[in-house]
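Numbering of ligands and ligand atoms starts at 1, following listing order. No hydrogens, no waters, no symmetry mates; every other heavy atom, side chains included, goes into these values.
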Amino acid sequence: MLGSTGSIGRQALEVIAGSSDLTVVGLSCGSNAELLLEQALEFGVPHVAVAHAKKAAVCSSLHPEGVVWSGPDAAAQLVREVDADLVLNGIVGFAGLEATLAALGRGVDLALANKESLVCAGCMVRAAALATGARLIPVDSEHSALFQLMLGRETSEIDSLVITASGGPFRGWARDALCTVTPKQALAHPTWNMGPKITIDSATLMNKGLEVIEAHHLFDIPYERIEVVVHPQSIVHSLIRLVDGALLAHLGLPDMRVPISYALHYPRRLPVGKNLMDLARTGMLFFEEPDEEAFPSLSVARAAGLQGDGATCVLNAANEVAVHAFLAGRLMFSGIPEVVAETVHREAVDAPTTFAEVVDLDYRTRAAAEMVVAELTQNG
Ligand code: MG
């Protein structure tokens, strides 16, 4: 389990604690080595990886036969050297790509919560899975829904995919009003309980843009056949439109433990807590078009998707830099899509063909995006 101290990782451990047929053989984290150690002791895990090298010493008392990897590629090393039937990748951002490729390269099935892997190197990730026959099982709630709806269906039966978006905390706000948004306001998501990076992405609608790209790669569906609809209740997790006009929907309470459990137990299904939805008490469900004028990130992401993996890798790196700058108080909320659009405009390139090229592109883009942040801040 990679990223075990984050939101996905902690909820996955809850699922595992309640399941008799899952055993954790390795855990990884970024820098929260104290929590990682607690988790490793509780679940009897001998192998751990800590990306923040200085923090790894915390885990030295772990297990007499255990191994502690450290450094930026620690999670990928863990995946390469420890045998597992399934890898859950809950790492945030570009940092998750190497471990995704390591798991698929070994032929190990991958429960993927790290959507950035597909955004940064979708073609490479798909090729790695195809080469070894490893399965990619999405953990993202919308994609888990789509995956379930599409099981056993012929591609020729599917007209299009409909991904739902909560709209985030600023749904209905005008573009001008978004200038004053603070990190605290943006971190308060109305329906889903998630980590800070994805919560900000949800507030800008970039998360939905990344998810359109993710769906394109996961299901091999062209961009023009992937719709986004805003659905503030987050009860319908996504839908598929069939060629005969029927629309199939996947419903449930917004609880990440459900798609996590599905991916961990696939193809079986087991109970997850007490989360049966009472339809009559759920009340009204409604749907509306996304406001792409106030939230331009969605169309920026779609345009990058059409350009290919080079542009989407740039998109992702610029977005990570912009979100970080916003959370650090260096950039206005409305500056996030501006930084991303401008960086994609300046830096978009042909798709990288090796992992080293992707890393290089990500690195260069971050420097370019920092420049755009500095320019915007000077001018504003
Ligand atoms: Mg999602």
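- Of all protein N/O/S atoms, those lying under 2.8 Å from the Mg ion (ligand 1) come to 3.
- Two residues are said to be in side-chain contact when any heavy atoms from C-beta on lie closer than 4.5 Å; His237 and Gln148 fail this criterion.
- The existence of a salt bridge linking Lys208 and Glu292 is excluded, since no basic side-chain nitrogen approaches an acidic carboxylate oxygen closer than 4.0 Å.
- Neither side chain, Ser334 nor Glu338, offers a donor N or O lying under 3.5 Å from an acceptor on the other.
- Distance check: Leu2 CG to Glu98 CD gives 11.0 Å after rounding to the nearest 0.5 Å.
- Ion pair Asp83/Arg106 flagged as a salt bridge, since at least one NZ, NE, NH1 or NH2 atom sits closer than 4.0 Å to an Asp/Glu carboxylate oxygen.
- Classification of Arg346 and Glu342 as a salt-bridged pair holds, one side-chain N sitting under 4.0 Å from a carboxylate O.
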